[in-house]
Peer 1: 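Below is a structure I'd like to ask you about.
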Amino acid sequence: MPASPGLPCCPPPQPKPQPSNKPCKTSACQDNRRARNLKPAFKGGTMLALNFIRKNTNLVKQALIDLNTEAPIDEILALDVRRRNILAEVESLRAERNAGSKAIGALMRQGNKDQAEAQKKRMGELGAKIGALNETLTRIEAGLKQNLLLVPNMPLPEVPVGPDEADNVVLREHGQKPAFNFTPKPHWDIGEALDIIDFERGVKLSGSRFYVLKGPGARLQRALITWMLDVHTLEHGYTEIYPPFIVREHCLVGTGNLPKFGENLYHDAEEDYWLIPTAEVPTTNLYREEILDEAQLPIYHVAYTPCFRREKMSAGRDVRGIKRGHQFDKVEMVKFVTPETGRRELDNLLDDAEDICRRLELPYRIVQMCTGDLSFVSAIKFDIELWAAGCRDWLEVSSCALFTDFQARRANIRYRPADGGKPRHVYTLNGSGLALPRLMIAVLENYQQADGSVIVPEAIRPYMGGVDVIK
RNA sequence: GGAGGGAUGGCAGAGUGGUUGAAUGCGGUGGUCUUGAAAACCACUGAAGUCCUUUGGGCUUCCGGGGGUUCGAAUCCCUCUCCCUCCGCCA
């Protein structure tokens, strides 16, 4: 089944490497006024999704079954019919009024007052009619918009079909799980023994699911962050972004976190300020409401940010250790590409994330999400899971996904094709590269020694200020 | 937080109620000229929606967002947002 109206049907061309200091030619850089005064994203992109639903209703409904979810498709189609009927009527009335009003101007200039007055009266009546119809139309369009925002992305044909995570597919496994001649400890024991993770004081400050990193523990995390940013920027061709950690609501609508998943977000009670749950949100929205030049694509960005999540939906899960907190750090990669290159770019993105695991010499595996475990916005998604020897668990440290034009439609991110044709929506992708707490867990647990110390992986030693072993 | 000034097409910048989707300049595209190029000249140059007898044509909407006045709004009124200047506060 097609992922979207713009699904690529032929092998994409070789992606071009992105010069890291390419001059930024977006209109936002030339003049940031437009980027600040945003129109609702509805009129542009989302209408194309509507068009797709209209023409491929059966495909969409089958996709919803595969995704094991629901969306108000029938309501959308009904509203769509009403909308177009009323629109046709309103527009022809408007055309009539425009012509009539123009005639008034001519009559006035001729000094023909009586006829002008009569015409004014007729146009006034027309105006009332238009006003009433328009009010109905506004209501219908608002309803349509709300419903459309609840429709998930369509999975690519290659995504395995299954109702839940049991049908996810482990594609491959890399590296050797470390062998120990002692019983490896979980990271919460290692961290406390080395006095580099302070759970009690974290809870004292902020409650459950908070912790404090201390000394070499804090340094280890900082080293990993800096090192990963260096690898992605210096070797993988990404441009580093330091974005706001607080965004407006429309950004979260753009990436698909809202309106459906607001319960997992922190936001200001008085003002429209939301803490980001991932760097994906500000980074993807960087180019919202813009039309880029095709020559600017692909754009590769990498951003380090803290992430804030309420974990309402995972209450009670993973309460021990640092696996799942309300605040965590992450290095995130985001790509903006042409539709034709989207699928290939995902493989490259995944490889860029895997590269981090390989260089740290950590055992990992790649899991492909089946339809039932795909996120709301993803068309196809691969997770990277690191092996943690202490808790004997595979930890999800990265989710690499292609969103096709789903986010681009919601955030209205487009590009003008090099041949000068109509603007098209870009494809967006992202993947963690990587999430810090779980990466920390894997390092601590896999690199632990019998005496309780932890060896610092060679790749990040230059970033550890001479510390090779945490003891 | 207080006072004032602003927001127009890719950019600059006119436009204070009636063929203004928007002058003019720059940029861009195509053409004429030229051995080639430049210059000059000519033409074209935004987005979205919708309908039709759909390689095309019609209509509607859009001059920061929303609302109002009017037969008719870029133009008048209200409101919000953002930018700039000055004062206050501050990492």
Side-chain angles (χ1 to χ4, degrees), chain A residues 5 23-55 79-131 133-135 137-142 144-145 148 244-245 247-251 253 270-273 287-296 405 408-425:
Chain A
C24 180
K25 292 183 295 188
T26 69
S27 52
C29 295
Q30 292 166 349
D31 178 358
N32 56 17
R33 273 175 306 184
R34 191 176 313 96
R36 293 196 176 92
N37 299 316
L38 302 161
K39 291 181 184 176
F42 180 58
K43 279 191 176 165
T46 323
M47 296 310 274
L48 289 177
L50 172 57
N51 194 32
F52 181 75
I53 293 170
R54 188 157 67 212
K55 289 180 177 157
L79 286 170
D80 176 45
V81 168
R82 285 188 63 200
R83 169 178 173 270
R84 281 182 295 145
N85 285 340
I86 294 174
L87 193 61
E89 197 177 344
V90 138
E91 285 187 351
S92 72
L93 290 178
R94 264 206 268 256
E96 198 180 331
R97 184 179 66 180
N98 287 348
S101 292
K102 217 172 253 181
I104 292 173
L107 290 170
M108 303 274 274
R109 275 191 299 276
Q110 290 162 16
N112 201 336
K113 272 227 152 37
D114 290 350
Q115 277 195 25
E117 285 307 318
Q119 181 75 345
K120 274 191 192 181
K121 189 158 173 279
R122 278 197 297 276
M123 291 305 109
E125 286 160 8
L126 244 185
K129 228 160 140 187
I130 291 171
L133 277 173
N134 202 39
E135 210 169 291
L137 192 61
T138 305
R139 256 201 329 276
I140 290 174
E141 289 190 335
L144 205 44
K145 174 184 177 181
L148 278 169
F245 302 161
V247 295
R248 320 301 285 218
E249 183 180 1
H250 60 241
C251 291
V253 174
E270 296 174 4
E271 289 180 273
D272 182 19
Y273 284 132
Y287 304 108
R288 61 177 296 114
E289 305 288 339
E290 290 191 35
I291 301 175
L292 306 164
D293 290 329
E294 181 168 356
Q296 290 175 263
D405 56 359
R409 268 192 249 122
R410 295 167 79 103
N412 204 14
I413 308 170
R414 293 172 293 170
Y415 74 97
R416 189 177 299 283
D419 64 17
K422 284 268 174 194
R424 303 170 71 194
H425 289 99

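Lettering of chains follows the sequences in order, A, B, ..., and the numbering in each one begins at 1.
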Peer 1: Among residues at least two apart in sequence or on other chains, which ones pass ring pair (Phe, Tyr, Trp, His ring centres under 6.0 Å) with A:F245?
Peer 2: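 A:Y242.
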Peer 1: Round to the nearest Å and state the distance from A:I130 atom CD1 to B:rU61 atom C1'.
Peer 2: 13 Å
Peer 1: On the nucleotide B:rU60, are OP1 or OP2 found under 4.0 Å from the side-chain N or O atoms that A:N98 carries?
Peer 2: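 So the side-chain polar atoms of A:N98 do come within 4.0 Å of the phosphate oxygens OP1 or OP2 of B:rU60, strictly under.
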Peer 1: Indicate yes or no for a side-chain donor-acceptor contact from A:R410 to the backbone of A:V253 under 3.5 Å, with no hydrogens or angles considered.
Peer 2: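 Yes, because the side chain of A:R410 sits within donor-acceptor range (under 3.5 Å) of the backbone of A:V253.
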Peer 1: Could you tell me how far apart A:R83 (CZ) and B:rU61 (C1') are, to the nearest whole angstrom?
Peer 2: 11 Å
Peer 1: Walk me through it: do A:H425 and A:N412 pass the test side-chain contact (heavy atoms from CB on, under 4.5 Å)?
Peer 2: CA-CA 7 Å; A:H425 289 99; A:N412 204 14; 3.8 Å; yes
Peer 1: Hey, are A:R94 and A:E91 close enough for a salt bridge, meaning a charged N less than 4.0 Å from a carboxylate O?
Peer 2: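 Here A:R94 does not pair with A:E91 in a salt bridge, since their nearest N and O are not under 4.0 Å apart.
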Peer 1: When you check the phosphate oxygens OP1 and OP2 of B:rA48, does a side-chain N or O of A:K422 lie under 4.0 Å from one of them?
Peer 2: yes
Peer 1: Under 4.0 Å between a side-chain N/O of A:R416 and OP1 or OP2 of B:rG46, yes or no?
Peer 2: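 No, A:R416 has no side-chain N/O under 4.0 Å of OP1/OP2 on B:rG46.
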Peer 1: Under 4.0 Å: is that the gap between some side-chain N or O of A:R84 and OP1 or OP2 of B:rC51?
Peer 2: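 Checking A:R84 against B:rC51: at least one side-chain N or O falls below 4.0 Å of OP1 or OP2.
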Peer 1: Using a 4.0 Å heavy-atom cut-off, does A:G124 contact any base of the nucleic acid, only the sugar-phosphate backbone, or nothing at all?
Peer 2: sugar-phosphate
Peer 1: Checking all strands, does A:A95 fall into the base, sugar-phosphate, or nothing category for heavy-atom contacts under 4.0 angstrom?
Peer 2: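 Here A:A95 touches the backbone only, sparing every base.
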Peer 1: Paired with B:rG17: which nucleotide, if any, by Watson-Crick or G-U wobble criteria at under 3.5 Å for both distances?
Peer 2: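 Base-paired to nothing in any strand shown.
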Peer 1: Across the strands shown, which category fits A:R122 at heavy-atom distances under 4.0 angstrom: base, sugar-phosphate, nothing?
Peer 2: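 Counting heavy atoms under 4.0 Å across all strands, no contact is made by A:R122.
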